[in-house]
Number of protein chains: 2
Amino acid sequence: MIPPSPQLAVSTVIFALRGTGTDSPATLWLPLVRRIREPFKGRWALPGGPIRASESLADAAGRNLLETTALTPNYLEQLYAFGTVDRSPGARVVSIVYWALVQAEEAERAAEGENVRWFPADELPGLAFDHNAIVDYALWRLRNKMEYSRIANAFLGERFTLAQLREVYEAVLLRSLDPANFRRQIDATKAIVPTEERQSGGRHRPPRLYRYNESFDLADNGPLPPSSSPSPTSSSSSSSSSSSSSASPSPRSTP
Amino acid sequence: MIPPSPQLAVSTVIFALRGTGTDSPATLWLPLVRRIREPFKGRWALPGGPIRASESLADAAGRNLLETTALTPNYLEQLYAFGTVDRSPGARVVSIVYWALVQAEEAERAAEGENVRWFPADELPGLAFDHNAIVDYALWRLRNKMEYSRIANAFLGERFTLAQLREVYEAVLLRSLDPANFRRQIDATKAIVPTEERQSGGRHRPPRLYRYNESFDLADNGPLPPSSSPSPTSSSSSSSSSSSSSASPSPRSTP
DNA sequence: GCAAAAGTGTTGGGTATACACCCATGG
DNA sequence: CCATGGGTGTATACCCAACACTTTTGC
């Protein structure tokens, strides 16, 4: 008996910044897991898994992320559903992929082991399935969205300096920005507010610390519900009502 | 036996412009189908159906569209995957939704019948499932994308005047545009090129006809493969390899 | 000629970029 | 007092909305 519809899975592209605060520029990294069975046994792949009956897609992605890296993301958004027929040898799998941003500090203490390792986002090895293409698309979305939203904040902690925020932009967009103009552009958006604190200890004039403006979302995703943080949902439902059906004459609909 | 993963389906939001060339402003319309079984029997819903083993997601959406309205879209793009647990009473269904643009002229002769009808996009009745929310999101995407891409062309035929193109923008964005500035903005993009033809028969100075610049895509969707027009695919695959699995200790991956 | 739409020119205001300059701190 | 980055000022270029104006057709 052939399956009436393709298998369904969720995967996640997780980005973090590494090497912030050093002399060399910070870069994007992401965690991958080693496959322990065929196909592509031994190759690195995006963390992923099946979707449980009781959890939404975003919840499945969040759980996934937590189980792989023990991290909770500051930002989580659906990327795309990948479903070409040949993307998984010997099976038909449709993957709904999410992308996440975690802050550098947390990523430092992230789980890493024999089967989980962080890689620089633009020096990836040959991954399993179509995962290289998926990462490419995630990177494109990240860089695009960086220019018209405030997601950069998701890479940082509660308090940060403008230089740190600028470093995020420079690392992701791969070009240097004028500090003076950057300052003006940022506070023209009112997305962050200055605190009275300053960061001392540097060997220069101590910069002011800023925080998020809570009344702003990190990104405007339109009328979609904001992606919930990964807390387990409770409602459940069961079984049945499958659609077999007639051909062209009668138009169909599904949820 | 509970299903190992939710059911999978594809739905499509199809937009066309109606009332172009009349005195009153043109408006957005979309076709809906009437549900002929529970749940939501009798309610209007987005056209949709299951995904066949041999077709990609975009192909499924295109087939769907063809079967419902006998139209082929000028533009087809994935919208979003909807998968909250409670969106379909008595079942767990994940819907991958596409949106499409068809040209007005074609939409006029589109299939319409007892169970298929066109509605104005912003005066919809209460639809089945979460379909009202889906249409809202599709409208948001359409209006957004209208401002930074050339998808407006997908509403028009091979040759068109600038006034017609402007009418498309005005109908979608719901505001009037200055003809002079519109002209400059459009041809600054080099997305359309003037022909030597003019449209006579009006009672004014005959406007020049334009055509697409073939070397431009309608939208920049990054490294994603451009959505194919709905021609049947041939490759197929069969069966098996399901993932049961262990809990948190060992990180997982899926296609 | 007149109405109406096609198409061009001009101008003022806002925004971005480049860069000069001052400020505050550690050494 | 000097090196270094924090932070401000400003001149220029560019883009965009508004609107005056010319052109070309049908009647």
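Keep in mind that what you see is a predicted model, and the values were worked out from it rather than measured.
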Over all heavy atoms of both residues, which pair between A:Ala58 and A:Leu76 is shortest? Give the atoms and the distance, please. O-CD2, 3.8 Å
Rounding to an integer number of Å, can you tell me how far B:Glu197 CD sits from C:dA6 C1'? 17 Å
Paired with A:Arg141, the side chain to side chain contact (heavy atoms under 4.5 Å, CB included) test is passed by just one of A:Val13, A:Asp136, A:Leu79, namely A:Leu79
Measure up the A:Tyr80 and A:Tyr137 rings against each other and bin them: parallel (under 30°), tilted (30 to 60°), perpendicular (over 60°). perpendicular
C:dG7 phosphate, OP1 or OP2: any side-chain N/O from B:Arg183 under 4.0 angstrom? yes
Return the value, rounded to whole Å, for the distance between atom CG of B:Asn181 and atom P of D:dC21. 17 Å
Rounded off to whole Å, could you give me the CG-to-P distance for the B:Leu177 and C:dG7 pair? 17 Å
Rounded distance in Å - CG (A:Leu209) to P (D:dG6): 12 Å
Send over the distance from A:Asp178 CG to C:dT15 P, rounded to a whole Å. 18 Å
What integer distance in Å separates B:Phe182:CZ from C:dT8:P? 15 Å
Using whole Å, report how far CZ of A:Arg208 lies from P of C:dA24. 12 Å
Is the distance from OP1 or OP2 of C:dA6 to the nearest side-chain N or O of B:Arg198 less than 4.0 Å? no
Between P on D:dT24 and CD on B:Gln199, what's the gap in Å once rounded to a whole number? 18 Å
Among D:dG6, C:dC19, D:dC19, which nucleotide has an atom closest to any side-chain atom of A:Arg166? D:dG6
Under-4.0 Å side-chain N/O to phosphate OP1/OP2 contact, A:Gln185 with C:dT17: yes
Would B:Asn181 and B:Arg184 satisfy side chain to side chain donor-acceptor pair (under 3.5 Å), going step by step from the backbone distance to the final call? CA-CA 5 Å; B:Asn181 297 328; B:Arg184 271 183 291 256; 3.0 Å; yes
Touch class at under 4.0 angstrom, heavy-atom based, for B:Arg184 against every strand present: base
Donor-acceptor pair present, A:His204 side chain and D:dT4 base, under 3.5 Å: yes
Would you please confirm or rule out a distance under 4.0 Å between OP1 or OP2 of D:dC2 and any side-chain N or O of A:Arg205? no
Sugar-phosphate only, base, or nothing, as touched by A:Ala180 at under 4.0 Å among non-hydrogen atoms: base
Within a strict 4.5 Å, meaning less than it, do heavy atoms of the B:Leu165 and B:Phe182 side chains meet? yes
